[in-house]
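Structure, as structure tokens:
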Amino acid sequence: MDALPGLSLDRVQQEVKAFLHFLDQEQHKCFGIQINQDVRDCQMFAPLLSHTLNNLGDPFSGQGGHLVTFDYERELVSLVSSLLHLSSDNSWGYYNPGSTLSNMHGVHLGMRRFEEPTIIISEESHNSFEKAAVVTRCKELVKIKTDLQGRMLPDHLEEQLKALNRKNYIFAFCSGSVTKGAYDNSEELLQVISGCGIEPDDYHLHIDAALGGMVTPFLMGEPIKLDFRILEADSLSVSFHKRLGIPLPGSLFIARKSSLQNLPPSLYAEHYSSYDTTLGGSRDGLSPFITLMKLKHLGHSEMRKRTQRVIDKAAWLVDLLRQNGVSAWCNSHSPCAVLPAPSPQLAREYHLPRYSAAEGDYTHIFTMEHVSRSGLETFVEKYLLDTARAWQPAPVFSPVSAGCR
Ligand SMILES: *Cc1c(COP(=O)(O)O)cnc(C)c1O
């Protein structure tokens, strides 16, 4: 009883207020993660918090004996599939609490399709693939080197495929990489794969579009082909907290229906009247509703504008840094500026990660909606002072000086 005394409503409200105040302040300095944290417009969905929406089971085959948003979830799968060039009659998918699980489902499908496939990712790939390999007991995972921009290197892929000479593979291409917002060159990579005599029936191709999936459909002329225009693509992940902006993390796993044929049958779960095709059991039913409504509300033209705005902001930041002698850069069509890592203090203040590389440690800034130009100007001022004070480089690269300090 002592452990759970029961808080008064007043105390709870105080706590909410204090926490909210902290979040409102801190949000504007969250520069280092690819999440659009401006979700104030989602307040309109707050009345739905009066219900428990649990999308237990498969949104396509599930009957749902309770309150679900399956209709909305299916509409979202169909809408997002069509944005990514997969017709809705040929798509299946469902909502996950993040792209880690959507990537895991991609690996899981590959593992179900083939006996002992080898996972091929790049050094820039998200850690979820290594986790998926452990969970699915995949025996072999190979990382391909990337170029300085962060794209998987076709030459190294070729070298590795020739050396490995396996029967089956699971490939993961990236649309908007974690550290550099890079887009893999799918055409060159596929040429290498087919050049090595590996046929589409011998592999599962998953596209990790956690970030890029809500960027590339809104680029003028859609120059980046990391979607189902790739006929070999079997499945894809796309997150909505990364670019669209929703209050709870969420992602869709989408598969080409024809890639699901010839799989061993799924179990039927009588207690929720559904084939057990999802990785999760109970699933958030509110988020698919919010995601669908927000996407439909903004529409294509507003999404275009917003996409262009965050990409322009990254280019503007890079210009500003370069004018001040900082060797910053960004990938084209990417809302991600890459720059030399600041001191640990400044990194902490702005929630910036520190990545090690032979060229020197670096960090990145994702110029999402909640990251304002004036906030970036303030950051640059501090950054220039910070670098002028000549903070030491990371100890890993200078063990001697680290020892001397
Ligand atoms: C964020 C991210 C993921 C993982 O998504 P979560 O929603 O954090 O689980 C996977 N891949 C890429 C490229 C990402 O940016």
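Both counts, for ligands and for their atoms, begin at 1 and track the order of listing. For clarity, every value in this text was computed on a predicted model and none was experimentally measured. Just so you know, these numbers use all the heavy atoms, side chains as well, and skip hydrogens, waters and symmetry mates.
The pair Glu115-Lys167 does not meet the salt-bridge criterion, since no charged nitrogen lies less than 4.0 angstrom from a carboxylate oxygen. Under the 4.0 Å criterion applied to side-chain N and carboxylate O atoms, Arg137 and Glu116 are not assigned as salt-bridge partners.
The distance from atom CG of Leu164 to atom CD of Glu140, rounded to the nearest 0.5 Å, is 5.5 Å.
The immediate protein surroundings of ligand 1, defined as residues with any heavy atom under 4.0 Å of it, consist of Gln34, Gly98, Ser99, Thr100, Asn103, His126, Gly176, Val178, Asp208, Ala210, Ser239, His241, Lys242.
In this structure the side chain of Glu188 never reaches within 4.5 angstrom of the side chain of Leu157, judged on heavy atoms.
With a 6.0 Å cutoff to the six-membered ring centre and a 45° limit on the axis angle, Lys225 does not count as a cation-pi contact of Tyr183.
Between the side chains of His204 and Ser259, no donor-acceptor pair is found at a separation under 3.5 Å.
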